[in-house]
Number of protein chains: 4
Amino acid sequence: MEIGGGSIVVMGGPCSVDTEENVLEAARAVKAAGGHILRGGAFKPRTSPYAFRGHGEKGLHILAAARAETGLPVITEVMDARDVQLVAKHADILQIGARNSQNYTLLDEVGRSGKPVLLKRGMSSTIEEWLLAAEYVLSHGNRDVILCERGIRTFETATRFTFDVNAIPLVKKLSHLPLIGDPSHATGKWDLVEPVALAAIAAGADGLEVEVHPNPDHALSDGAQSLTPKNFAKLMDRVRTLGDAIGRPVAPAYNEPVAARKAS
Amino acid sequence: MEIGGGSIVVMGGPCSVDTEENVLEAARAVKAAGGHILRGGAFKPRTSPYAFRGHGEKGLHILAAARAETGLPVITEVMDARDVQLVAKHADILQIGARNSQNYTLLDEVGRSGKPVLLKRGMSSTIEEWLLAAEYVLSHGNRDVILCERGIRTFETATRFTFDVNAIPLVKKLSHLPLIGDPSHATGKWDLVEPVALAAIAAGADGLEVEVHPNPDHALSDGAQSLTPKNFAKLMDRVRTLGDAIGRPVAPAYNEPVAARKAS
Amino acid sequence: MEIGGGSIVVMGGPCSVDTEENVLEAARAVKAAGGHILRGGAFKPRTSPYAFRGHGEKGLHILAAARAETGLPVITEVMDARDVQLVAKHADILQIGARNSQNYTLLDEVGRSGKPVLLKRGMSSTIEEWLLAAEYVLSHGNRDVILCERGIRTFETATRFTFDVNAIPLVKKLSHLPLIGDPSHATGKWDLVEPVALAAIAAGADGLEVEVHPNPDHALSDGAQSLTPKNFAKLMDRVRTLGDAIGRPVAPAYNEPVAARKAS
Amino acid sequence: MEIGGGSIVVMGGPCSVDTEENVLEAARAVKAAGGHILRGGAFKPRTSPYAFRGHGEKGLHILAAARAETGLPVITEVMDARDVQLVAKHADILQIGARNSQNYTLLDEVGRSGKPVLLKRGMSSTIEEWLLAAEYVLSHGNRDVILCERGIRTFETATRFTFDVNAIPLVKKLSHLPLIGDPSHATGKWDLVEPVALAAIAAGADGLEVEVHPNPDHALSDGAQSLTPKNFAKLMDRVRTLGDAIGRPVAPAYNEPVAARKAS
């Protein structure tokens, strides 16, 4: 499977890794609907220190178990340069979140990790700053960088962030890097996720990262923006229809043997 | 022709009305490519008083001539409450620009005009403020209001504005009003117009307003964001393909007799 | 009295003109505390058409009555080019509000009025756009333009707007025009008005426009950001102390005969 | 010396530690003008990986040498949780920069360091997010947190950032923490530093952090916003005059023996 190779790749899963049951259920739903990669947060950057901050290493084991069952590769966030080796041992793709998008020593470390890196745009990063943050990873010889537009901070408060759809074609012109969209964080509202996901694809995105939870009302974080398995399946159908029409089909369902799992 | 009735309506034409030849050529190109409405500015709000401010009434006559030949209805901006009757005499739809989106006495006046009104979002208007601005028009009993997302002002300077694609599904949920997108002003760059136009449609917009000029390099304003006739035709093809795939086809080409011309 | 002549000029009064009693009481309080000009809105731009939109011409008469008693010159907003002559008949300074700061035909009209014009910065106007808006007035030969920084729209929602204090020294370097600060709209909270007013003066502003109401809880608009007469007097004391220290004293109390009233 | 104790404390020095000569010259200038703390960056977060990224540990030794000569305590940025102990060995105050203001594992680590922490506001952090970031440090029992407003990212490009002067009185109401202003980063222009510094103090800030370089044109970073020693001395004079007038005098020059050096 290749991200940025002309077909659309979709990552889905819970914001936070909570119970093994929930993560497994989400993983099965992602796979059943034709999703390609399981996302889930073991280390969670939370605005307040008193909020749930993730299960840490235990969460990585839960993700690995879900991978063992479903065969889906796993993407998860790493927040600390000291954790890169640990996270790299369990994950297939390392995610750098928006709040750490200019944490340069962390970018250096994932650049040295040998793992594909998904780099979210900072909530107030210009496109130029974002591409230069990617350069931190690339400068260590790690060429597997995936960019992710996840909304920028603006004056509009009716949505959590403003999805900068202009950035998609502009980044595709400026850079050779693959670029996906995260409509979940960009909107903060589950019922806006599908239309914004379709917009991202129509504008040229190479894929999506979407929050999926078997029971959004009980998610430990970001429930309001999470899709149920049923709505995720509906989203996949719509993306498939759109992708077929515009000549960028959804990538085939992920059925490679676990041993061969490699994101790019 | 109805805007917001399930099929996609496209408005195209030059930013500023310049010569009759150019406007006619643009109008023919819009019609030939399957566009529905001719746009063009006779009264131009310009940041500097020393820039070209439009041909005024003479420009209205040029637009009327283009309508007489092509049969396309005309949309044009009105900037001053004192001009509403004059503009309404010549135009089929009155446009309120972003800079006048909270010019409440002008909104009152177009509310009383009996003409359909296209209300652009202010560059720093929240969605709530925009809908309340529409309420100024509606409160006079004028129910033919079309909303237009044209980009908001953010910190990002790589594009002229940031097209708020989140706003499209959100406004469709909050309001019964039709909503179109203006990818020309939102991006400020002609080569981003097509992908952002497609994103707008994929997100649920009822149509588009796009700048088209036979010779963008010589346009009196906004040349950098104007499509050539050839690129506009290409855009229409892509919109047609997308619209067919998602069940919202482009409206049939406009062939009604001039007398029956009515935008909604 | 001259604004921009090296001493500090303060405008105070209610956001909206409500009753003659309240306006008179506010005017007396402004004068008693050493304020120089009475502000009050007769024509009110309101986000919703269903909010109180001002008493219009009747409000102008109330302001004129307050001037007759106190001798304070009057500043009031004009929203519509058709009202410029009417407002100019009653007011000493014409105010252009933030929402009309790019209403160019209105700017043209106040440029022709022969009256001093206070031009508020648009909530999303760059400094360059603001100075070019002033140019609309100046280009008609009206050289009595006063700029007013009143806060810009940003992502921060803890205050109504963000007072752009950087703009004060920058505009003073770029332009010869006098510049005042409006801490009431910029903060939206009466208890932040004094510190932000002092900041504006320390940064180089030539004066202030402050909302004062005898009974803020019953103001028809903007009560939350209005000072009581007592707090306005306290503000004036603090401004006086600061101004004396930095060599830009508060202008002498306004005691010129009514006939000589002239703002610049 | 106490920050937040009613008198004004000023930190000055070069953006980047470059040569020992320059740092010593800057330190002497800061001390001679009555500044209290020497700032200088040994670890530099730079937008591009190819820009000068600081001298690292060698820079810490240069700062320590400047402290040994002048007796001024030293504040310097720490960017990586792995460097906290090293930096804490040499510095008197640990600075968390804007880009790391939501790097929560770094905040945890400086919370455990036992050193005073200066926490800059993130360039798109709301006031609430900023105070919650401080809570990460406080939650480890480290009560010596100093907040620093350094400008937020807005649409205005005439200055590097927009100094949010509203935040100063608001944070003083919401929190017991001391709060200083950084007019150098907030404006990006040396000739705006003094007026914005005065505004910060007038609004209630407990101090300032200002970039000073003996030869701004040759600074390795941020030369355009650095004051010469002469202009820093002029700034200190103006701050002294203002502080005396408003009852918050500049703290006495720092003459305590080196052994007693403690920031709060």
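Proteins come first, then strands; the chains are lettered A, B, ... in the order of their sequence lines, and each starts at number 1.
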Segment of D/Thr154 engaging chain A (4.5 angstrom heavy-atom cut-off): neither
Any A/Thr105 side-chain heavy atom under 4.5 Å of D/Arg82 side chain: yes
Option in D/Leu106, D/Asp108, D/Leu107 with maximal non-hydrogen atom pairs under 4.5 Å from chain A: D/Asp108
Which of D/Thr47, D/Asp80, D/Asn103 touches chain A most, by non-hydrogen pairs under 4.5 Å: D/Thr47
Side chain D/Arg153, main chain A/Ser124, donor-acceptor under 3.5 Å: yes
Atom group of [X] that falls short of 4.5 Å from chain D, counting heavy atoms:
| X | answer |
| --- | --- |
| A/Arg53 | side chain |
| A/Ser125 | backbone |
| A/Tyr50 | side chain |
| A/Asn100 | side chain |

Residues, nucleotides or ligands: over 12 heavy atoms within 6.0 Å of A/Trp130 CH2: yes
Side chain to side chain contact (heavy atoms under 4.5 Å, CB included) partner of A/Tyr104, the single match among D/Pro49, D/Pro45, D/Ser48: D/Pro45
CG-CZ distance between D/Leu132 and A/Arg46, expressed to the nearest 0.5 angstrom: 11.0 Å
Step-by-step side-chain contact (heavy atoms from CB on, under 4.5 Å) determination, A/Met123 to D/Met123: CA-CA 9 Å; A/Met123 55 186 82; D/Met123 57 186 82; over 6 Å; no
